[in-house]
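What follows is a short report on a single structure.
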Amino acid sequence: MRVTMIGAGYVGLVSGACFADFGHHVTCVDKDAGRIAALRRGEIPIFEPGLVDLVATNIQQGRLEFSVEASGIGDADAVFIAVDTPSRRGDGHADLSYIYGAVREIAPLLSPTAIVITKSTVPVGTGDEIERILREERPDAETQVVSNPEFLREGAAIYDFKHPDRIVIGSDDERARAVLAEVYRPLYLNAAPILYVNRRTAEVIKYAANAFLATKITFINEIDDLCECVGPDVQDVARGMGFDNCIGAKFLHAGPGFGGSCLPKDTTALLKTAHDHGAQLRIVETVAAVNEQRKRAMPRKVVAALVGSIRGKTVAVLGLSFKPNTDDMRDSPSIPLITALHDLGATVRGYDPAAMEQAKPYLPDVIYCGYEAAEGADAVVIATEWEQFRALDLDRLRCLMVRPVIVDLRNIYRADEMKRANFRYLTVGRPAAERYAETAMPRRRKTPNAKTIAALAEAL
Ligand SMILES: NC(=O)c1ccc[n+]([C@@H]2O[C@H](COP(=O)([O-])OP(=O)(O)OC[C@H]3O[C@@H](n4cnc5c(N)ncnc54)[C@H](O)[C@@H]3O)[C@@H](O)[C@H]2O)c1
């Protein structure tokens, strides 16, 4: 089949490359000329494990190409739209201008029988409006508009795309369903469940699923607040809940609040849709509010760990992206955390294995470091649970810091090992490890030199 993907971002590029890998001929179109030029040079503009090889293989085999112009889509059987739908400035509705812009651009170029498929996350009724635009622009065509929301998670996007829990196809049209069945045939053969529903149902499924995931994270974060008051380890509680098949272990990790490119904007957009239609989603409203409070509470943990004011102190933040294995900074919890630390007078040194460049526009005042971020720090905050941070050489780390204080917002260490290593260790929802006393450490502040940088590189 010939497939065109409009938008070559986190979703479009991964989906396009996977469709090519299924054997389809795919053209990814993006209006960002720099992005397309990079892709044509074989450079991948986003960090996603496995994507470099997947794209290279499919280019080599002549199944995947890139274009700034949609002009070549006349022979496409299926045209997917995977452009961004961010929060609209001012009111929080999904900004659909990129969607409608893309539809108007492709309308005159489509084959009369092409199927147009929305992969972007869009509010209920968006497919109806796309159809209206297409009927207006192309009265001659029999174009069908399908909703096919995407559920991949950044950091595991290729695996998720190729092993979906379900594929949702929103259309009542038999021909459109048959085209989509053909596009996804390799997954169907792998027994991935395909759910055929009408278009509006598919649109709501995506928002409802994301709101539910946001609720799950927020639920365990509130249980975490309780655990901090009454003693149990929230991770044990989450494990005890997660073994229940009716609950499931995923999205049940206490942390600094949900962030990223989907859950915050999608919960807000869902609430706006509900308000517009006079429906009340009180649970989702509460989830959004609790999550905001949660993010604001994280800097207080750093203040508590440093026993008082953090003015003039240096905090090293390890992990800036909203989750590991991605460079995506959109709505990352590290942004409000670091902004608050700056407001409180701290100097922030930051390190992320993949997201440093992406972080700079969001966090211009951070001192971006390599592995030497912890050098001279009064506290290290683990904000994202990258694998690289799971086995820090604690002895070396302690020697390089001014104070041995770690605030672990992802609970990736055990309190007893931190205690043994003589760290003050604060987590979320677990008792603090308290071996180090404020007076115990000599204050040492050095400028990093090549030797300490090398030592840190090893420690991290
Ligand atoms: N990122 C995720 O994990 C994820 C998961 C599921 C669903 N989604 C949804 O998928 C959609 C895309 O998200 P993303 O993260 O890939 O966004 P993104 O910002 O990474 O990519 C969007 C791309 O579309 C391009 N674009 C915009 N208008 C265009 C046009 N008219 N013609 C050609 N290209 C155009 C942009 O230049 C950009 O490269 C959103 O609706 C999002 O909510 C995202």
Side-chain angles (χ1 to χ4, degrees), residues 4-18 27-39 44-49 51 66-73 79-88 93-109 116-123 126-127 130 133 147-161 164-168 202-203 205-211 213-214 258-270 321-332 355 358:
T4 297
M5 186 67 62
I6 307 291
Y10 288 88
V11 166
L13 186 54
V14 170
S15 308
C18 288
T27 306
C28 290
V29 177
D30 201 295
K31 64 178 182 183
D32 180 340
R35 173 165 291 227
I36 292 299
L39 284 163
I44 305 298
I46 56 172
F47 180 89
E48 181 59 48
L51 194 55
F66 300 99
S67 174
V68 185
E69 300 292 335
S71 49
I73 70 171
V79 178
F80 284 84
I81 299 177
V83 303
D84 29 340
T85 50
S87 270
R88 191 164 67 187
H93 274 285
D95 179 351
L96 298 175
S97 57
Y98 302 103
I99 295 275
Y100 297 141
V103 172
R104 289 190 189 281
E105 281 156 30
I106 61 172
L109 308 166
V116 172
I117 307 118
T118 315
K119 209 166 233 326
S120 299
T121 304
V122 293
T126 305
I130 294 174
I133 295 172
S147 167
N148 170 223
E150 183 50 56
F151 298 95
L152 62 75
R153 295 160 305 161
E154 288 174 20
I158 295 170
Y159 181 87
D160 283 355
F161 194 89
D165 291 336
R166 77 305 208 183
I167 299 159
V168 174
E203 290 168 339
I205 285 173
K206 174 64 188 174
Y207 279 99
N210 271 2
L213 295 176
F258 62 79
S261 56
C262 294
L263 297 190
K265 78 168 175 68
D266 291 348
T267 44
T268 307
L270 179 63
S321 55
F322 82 97
K323 64 191 280 195
N325 289 323
T326 182
D327 57 355
D328 200 341
M329 281 296 296
R330 288 175 285 184
D331 258 314
S332 173
Q358 285 72 7

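Hydrogens, waters and symmetry mates play no part in the numbers below; they use all other heavy atoms, side chains included. One-based numbering, in listed order, for ligands and for the atoms of each.
Every atom of ligand 1 is numbered from 1 in the order shown, and the set under 4.0 Å from a heavy atom of A82 is 12 (C), 22 (C). Remark: ligand 1 atoms within the under-4.0 Å shell around heavy atoms of K265 are 42 (C), 43 (O). Interface atoms of ligand 1 facing I6, defined by a heavy-atom separation under 4.0 Å, are 32 (N), 33 (C). Near E105, meaning under 4.0 Å from any of its heavy atoms, are these atoms of ligand 1: 30 (C), 31 (N), 32 (N). Those atoms of ligand 1 with a heavy atom of E150 less than 4.0 angstrom away are 6 (C), 7 (C). Close approach of ligand 1 to A102 (heavy-atom distance below 4.0 Å) involves ligand atoms 31 (N). Close approach of ligand 1 to K206 (heavy-atom distance below 4.0 Å) involves ligand atoms 6 (C). Shown in contact with S261 at under 4.0 Å from a heavy atom are these atoms of ligand 1, numbered in order with element: 1 (N), 2 (C).
Scanning the protein heavy atoms around atom 17 (O) of ligand 1, the nearest turns out to be R330 NH1, 3.6 Å. The nearest heavy-atom contact from the protein to atom 33 (C) of ligand 1 is K31 N, 3.3 Å.
Proximity of R35 to ligand 1, defined as any heavy-atom pair under 4.0 Å, is confined to the side chain (atoms from C-beta onward).
Geometrically, ligand 1 and T85 share a nitrogen or oxygen pair separated by less than 3.5 Å.
Rounded to the nearest 0.5 Å, atoms OG1 (T268) and NE2 (H93) are 11.0 Å apart.
Checking D84, D328, V83 against atom 29 (C) of ligand 1, the nearest heavy atom belongs to V83.
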